[in-house]
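Read the structure below first, then the notes.
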Amino acid sequence: MSLYRRGETWHYDFQFASQRYRGTTRCTKKGDAQKHLERLRRDLALGSSDALQEQTLKDVSVEWFNAKVAGTKAEATVAFRLNIMLRHFEGDALISTIGAAEVQAAIGRRRVETTRQGKLPSNGTVNRDLIDTTLRPILRFARRNLELKVREIPWSDLRLKEPKGRTRTFSGDEIDTWRAGLPEWHRPLFDFINRYGVRLTEAFFPLDAVDVVGGRVALRARKNGGTHYLPLLPDDLSDMKARMGRARDADLATVWFRQKPDGKLQAITPRGHQAASQAALRAAKIVDARPVHDRRHHAATTALKASGNLAVVKQLLGHESITSTARYAHVSDADVLAALGHKSHHTEAEISKIFSENNVKDAG
């Protein structure tokens with residue numbers, strides 16, 4: 001097959017000197033497409049490097065996905081973002097024609113495209129959809145692996161500004177007050193998220209995800225796809241086994257439930273837990289905190305302080321890259337004093353005041 005029609009446009013697919021060439025002629029008439037193909041073959045025979053540029057963004061994207069992404073944990077997420085990216089570029093556009101102007105225009109279109117919830121995407125989402133997860137690695141693949149000519153693009157100038165990532169932690173008193181404000185049946189799930197740092201959707205794993213022999217649970221509803229195996233502490237595994245038994249007897253799909261006055265069990269839902277956690281958060285008068293996800297940050301920071309090992313936290317959270325985990329590698333003034341061997345009875349606020357006063361004296 002040399003020429004074939006896709007939609008209104010004719011495309012080519014042929015081999016020359018044991019190398020395969022695929023792309024679009026950008027012609028809507030077969031006669032014009034045939035002339036384009038003959039010219040391309042002639043250029044190849046003459047060794048023209050320009051002929052090697054005749055590959056489309058869509059074709060290169062497919063090659064990149066199959067070579068670099070397929071079969072990885074991130075496959076589903078990248079496939080979703082790839083469809084978004086191709087929607088904002090012309091899939092039939094030649095890879096050599098993608099430049100800063102095209103990227104800027106695509107960013108502008110994506111910024112005003114509402115989500116299914118009717119909201120505009122954040123700057124970080126736009127960056128990941130069109131640059132970080134898709135186009136930038138695709139063009140790098142085209143240049144390095146396919147030896148295609150690719151334009152230089154000033155990515156740092158094009159990326160939208162993102163707010164600095166926040167990492168929220170809580171004091172022991174805050175956690176206790178927050179927990180006390182929850183209905184009793186929400187507290188086991190509250191404790192589980194606080195201890196293991198799982199996302200809310202991950203916490204609602206099916207009953208068969210728990211490996212009672214291996215002492216771990218398989219988290220499959222992951223943000224980036226794939227499965228993360230989370231080891232459980234002995235007491236938690238024992239509690240999980242008991243909950244699984246009761247859930248199966250009640251024909252429930254989750255280990256998180258409440259017992260109604262009539263003795264029957266009713267499953268807790270993710271939305272129900274989030275609402276209960278939000279209400280308890282307000283009642284505890286804890287500000288600048290999210291009802292669930294900040295507990296993931298708290299669990300990560302707590303684990304890092306206990307272990308001193310960022311790799312342990314990476315494994316706990318199921319991050320693919322240590323770079324994602326590095327955001328938790330921050331220290332407080334109390335951590336500095338503890339590391340110096342001066343266990344302090346002061347609060348962090350008091351210590352910060354001491355440091356500030358010392359800095360003022362030094363400046364004077």
Side-chain angles (χ1 to χ4, degrees), residues 20 22 55-89 91 95 98 103 106-107 110 115-116 121-148 150 153 155 159 162 165 196-206 208-211 214 216-232 293 296-297 299-300 303 309-329:
R20 187 179 184 182
R22 294 179 295 174
Q55 289 204 44
T56 66
L57 175 61
K58 182 180 291 186
D59 289 336
V60 174
S61 296
V62 170
E63 289 192 55
W64 166 78
F65 185 87
N66 291 334
K68 300 293 184 179
V69 183
T72 67
K73 283 185 177 182
E75 180 176 1
T77 300
V78 175
F80 177 75
R81 294 190 186 281
L82 190 58
N83 284 329
I84 293 175
M85 187 273 289
L86 290 173
R87 188 167 70 237
H88 290 285
F89 288 89
I95 198 75
I98 305 297
V103 177
I107 289 174
R110 178 61 177 137
T115 64
R116 285 174 291 184
S122 67
N123 286 359
T125 296
V126 175
N127 288 336
R128 287 187 287 275
D129 286 347
L130 301 184
I131 298 178
D132 302 336
T133 309
T134 56
L135 188 61
R136 190 172 188 178
I138 287 170
L139 295 183
R140 183 166 57 241
F141 175 82
R143 183 176 65 252
R144 294 179 180 177
N145 296 65
L146 304 182
E147 298 183 350
L148 300 176
V150 175
I153 297 177
W155 298 110
R159 295 184 83 261
E162 300 180 35
Y196 294 101
V198 299
R199 299 181 180 91
L200 182 59
T201 53
E202 295 171 356
F204 284 82
F205 45 81
D208 62 4
V210 181
D211 178 4
R216 62 182 188 173
V217 60
L219 305 178
R220 302 189 183 97
R222 301 280 294 159
K223 181 179 179 180
N224 292 324
T227 301
H228 173 51
Y229 294 96
L230 184 70
L232 299 176
H293 197 74
R296 175 175 170 86
H297 295 175
N309 190 335
L310 206 58
V312 170
V313 182
K314 174 180 177 294
Q315 180 63 25
L316 173 68
L317 300 182
H319 285 159
E320 288 189 347
S321 169
I322 198 73
T323 303
S324 300
T325 319
R327 67 183 299 181
Y328 302 104

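Hydrogens, waters and symmetry mates are skipped; everything else that's a heavy atom, side chains included, is used. For reference, positions follow the sequence shown, starting with 1.
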For V210 and F205, the nearest pair of non-hydrogen atoms, with its separation, is CG2-CE1, 3.6 Å
Do H228 and R216 have side chains that get closer than 4.5 Å, going by heavy atoms?
no
Do D129 and T125 have side-chain heavy atoms sitting under 4.5 Å apart?
yes
I want to check something: taking the side chain as every heavy atom from C-beta on, are E162 and S122 in contact at a cut-off of under 4.5 Å?
no
Minimum heavy-atom distance A218-T227, with the two atoms named:
CB-CG2, 3.8 Å
Whether Q315 side chain and V312 backbone form a donor-acceptor pair below 3.5 Å
no
Stepwise, does the side chain to side chain contact (heavy atoms under 4.5 Å, CB included) test hold for F204 with V198?
CA-CA 10 Å; F204 284 82; V198 299; over 6 Å; no
Determine whether F89 and K58 make a side-chain contact, defined as any pair of heavy atoms from C-beta on separated by less than 4.5 Å.
no
Point-to-point distance, once rounded to the nearest 0.5 Å, from CZ of R81 to CZ of R128
5.5 Å
Does the side chain of R110 reach to within under 4.5 Å of the side chain of I84, using non-hydrogen atoms?
yes
Taking side chain as C-beta onward, heavy atoms only, is L219 less than 4.5 Å from V217?
yes
Got a second to check how far L310's CG is from T325's OG1, nearest 0.5 Å?
5.5 Å
Audit row: L139, V60, side chain to side chain contact (heavy atoms under 4.5 Å, CB included) steps and yes/no:
CA-CA 8 Å; L139 295 183; V60 174; over 6 Å; no
For H297, ring-ring contact (aromatic ring centres under 6.0 Å, His included) partners two or more places apart:
H293, Y328
Nearest non-hydrogen partners of I95 and A142, listed with the distance:
CG1-CB, 4.3 Å
Basic-acidic side-chain contact under 4.0 Å: E147, R144:
no
Does E63 form a side chain to side chain contact (heavy atoms under 4.5 Å, CB included) with N145? I'd like the steps, not just the answer.
CA-CA 10 Å; E63 289 192 55; N145 296 65; over 6 Å; no
Could you report the tightest heavy-atom contact between A299 and L316, atom names first, then the distance?
O-CD2, 4.4 Å
Partner of L130 by side chain to side chain contact (heavy atoms under 4.5 Å, CB included), out of N127, V126, T133, D132
V126
Considering only heavy atoms from C-beta outward, does the side chain of L82 approach that of I138 to under 4.5 Å?
yes
To the nearest 0.5 Å, tell me how far K314 NZ sits from N309 CG.
11.0 Å
Would you indicate whether the side-chain heavy atoms of S61 and M85 approach each other to under 4.5 Å?
yes
Please round to the nearest 0.5 Å and tell me the distance separating atom CZ of R140 and atom CH2 of W64.
9.5 Å
